[in-house]
Visitor: 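Please read through the structure below; I'll follow up with questions.
Chain identifiers are assigned alphabetically (A, B, ...) following the order of the sequence lines, protein sequences preceding nucleic acid strands; residue numbering begins at 1 within each chain.
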2 protein chains.
Amino acid sequence: MSDLLERLRNRGWRMTAQRRVVAEVLDGDHVHLTADEVHARAARRLPEISRATVYNALGELVALGEVAEVSTDGRAKRYDPNARRPHQHLVCSRCGTIRDVHPSGDPLAGFPESERMGFLVSKVEVTYRGLCPSCA
Amino acid sequence: MSDLLERLRNRGWRMTAQRRVVAEVLDGDHVHLTADEVHARAARRLPEISRATVYNALGELVALGEVAEVSTDGRAKRYDPNARRPHQHLVCSRCGTIRDVHPSGDPLAGFPESERMGFLVSKVEVTYRGLCPSCA
DNA sequence: TCCTACGATGGACGGATTCCAAGTCAAGAA
DNA sequence: TTCTTGACTTGGAATCCGTCCATCGTAGGA
């Protein structure tokens with residue numbers, strides 16, 4: 001049984017066949033899928049599921065904090081089911097692949113070879129997100 | 001006289017009226033404009049300049065490392081002419097405004113109040129960009 | 001079982017960006 | 001200076017992501 005489905009149910013998330021399939025596609029796996037990929041996988045089990053429904057479900061899972069959105073620079077956003085444990089991302093600027101990393105210490109200082117997973121890291125970006133004075 | 005234009009010329013960047021205007025719009029100012037804003041400002045001086053040309057020029061400036069792209073989650077990318085000095089970004093999740101910050105120490109640890117510029121910071125993202133093993 | 005508010009559908013729509021084929025021009029050569 | 005040519009520009013079409021909307025369906029409480 002899935003932890004994710006369990007949690008969603010307990011939080012009063014109205015369960016439908018479509019939402020269940022979307023949650024199942026994301027659950028477990030530590031892959032970072034695009035909305036389109038989620039839709040494709042969901043459609044294998046529920047052929048009539050619509051793109052809009054997948055976008056809705058993903059948006060809600062993000063709002064609930066169960067899934068994180070990762071933007072990959074111009075490309076389609078990717079959805080990270082591993083939102084509950086803090087971690088950082090390694091993004092390929094060519095193909096958009098994402099991998100999770102858990103570097104220790106100051107991310108701007110050295111990034112241990114052992115954590116690079118074979119990537120050729122060329123830059124580190126730190127972004128603080130929040131509300132600006134006039135929007136707050 | 002502009003440092004940026006100077007450098008570009010020295011690096012053998014073929015100079016055209018359009019490219020000069022785009023570079024001039026970005027130069028100096030530490031604002032973070034969208035491609036459309038750059039186009040609008042460029043068009044004030046060169047009314048016939050096309051959007052495609054602006055996109056081309058921006059892409060080249062990014063490739064040359066003179067300008068940095070900042071993606072703001074779903075919204076249009078913004079272009080940061082301050083690419084030569086390392087710094088981080090504060091992004092408003094509501095209106096997309098961007099401000100530069102230069103925090104010292106570990107970005108994941110505390111983020112000094114004095115650096116927040118009035119923002120209500122809700123999360124910090126660290127992204128390592130580069131090439132994955134199969135693209136490298 | 002019945003109700004009804006919430007969810008699903010899919011096609012139209014919109015913004016941002018890229019593509020393309022044709023025309024134009026910067027800058028080195030003569 | 002003029003010539004030449006490859007690089008640049010143009011603008012409209014095309015693409016990619018994502019959202020909207022009116023309508024239909026259904027989960028889950030009464």
Visitor: Looking at B:Asp36 and B:Arg51, does any basic side-chain N land under 4.0 Å from a carboxylate oxygen?
Guide: yes
Visitor: For A:Arg19, answer base if it contacts any base atom (sugar-phosphate contacts may also be present), sugar-phosphate if it contacts only those atoms, and nothing otherwise; contact means non-hydrogen atoms under 4.0 Å.
Guide: sugar-phosphate
Visitor: Within the structure, does a side-chain N or O atom of B:Ser50 lie under 4.0 Å from either OP1 or OP2 of D:dT10?
Guide: yes
Visitor: What's the separation between atom CG in B:Leu5 and atom CZ in B:Arg19, rounded to the nearest 0.5 Å?
Guide: 12.0 Å
Visitor: If I take atom CG in residue B:Leu8 and atom C1' in nucleotide D:dC8, what distance separates them, rounded to the nearest angstrom?
Guide: 15 Å
Visitor: Would you tell me whether B:His32 and B:Asn82 have side-chain atoms, one donor and one acceptor, within less than 3.5 Å of each other?
Guide: no
Visitor: Could you tell me whether a side-chain N or O of B:Glu60 sits under 3.5 Å from a main-chain N or O of B:Ala57, the two making a donor and an acceptor?
Guide: no
Visitor: On DNA chain D, compare the nucleotides closest to B:Leu46 and A:Tyr79; which residue's is nearer the 5' end?
Guide: B:Leu46
Visitor: State whether the number of non-hydrogen atoms from other residues, nucleotides or ligands found under 6.0 Å of A:Arg94 atom CZ is greater than 12.
Guide: no
Visitor: Nearest to the side chain of B:Thr53, which nucleotide is it out of D:dG18, D:dT9, C:dT18?
Guide: D:dT9
Visitor: Is the shortest side-chain N/O distance from A:Tyr55 to OP1 or OP2 of D:dG18 below 4.0 Å?
Guide: yes
Visitor: Does B:Thr16 place a side-chain N or O at less than 4.0 Å from the phosphate oxygens OP1/OP2 of C:dC25?
Guide: no
Visitor: Provide, to the nearest angstrom, the distance between the NE2 atom belonging to A:His39 and the C1' atom belonging to C:dT9.
Guide: 10 Å
Visitor: Taking atom CD of B:Glu24 and atom CG of B:Leu46, what is their separation to the nearest 0.5 Å?
Guide: 10.0 Å
Visitor: With heavy atoms under 4.0 Å as the rule, sort A:Ala76 into base, sugar-phosphate or nothing.
Guide: sugar-phosphate
Visitor: Under 4.0 Å from OP1 or OP2 of C:dG28: is there any side-chain N or O of B:Arg14 that close?
Guide: no
Visitor: Measure from CG on B:Leu33 to P on C:dA16 and round the result to the nearest Å.
Guide: 14 Å
Visitor: For B:Arg75 and D:dT19, give me the distance from atom CZ to atom C1', rounded to whole Å.
Guide: 14 Å
Visitor: Can you check the B:Glu48 CD to C:dG23 C1' distance for me, whole Å?
Guide: 15 Å
Visitor: Without decimals, in angstroms, what is the distance between B:Asn56 CG and C:dC20 P?
Guide: 13 Å
Visitor: Rounded off to whole Å, could you give me the CD-to-C1' distance for the B:Glu37 and C:dT17 pair?
Guide: 16 Å
Visitor: At what angle, to 10 degrees, do the two end axes of the helix from C:dT1-D:dA30 to C:dA30-D:dT1 meet, given five pairs define each axis?
Guide: 30°
Visitor: Check the distance between D:dC20's C1' and A:Arg51's CZ and give it to me in whole angstrom.
Guide: 15 Å
Visitor: Is it true that A:Glu69 and A:Arg78 have a side-chain N and a carboxylate O under 4.0 angstrom from each other?
Guide: no
Visitor: OP1 or OP2 of D:dG25 versus the side-chain N and O atoms of A:Gln18: is any pair under 4.0 Å?
Guide: no
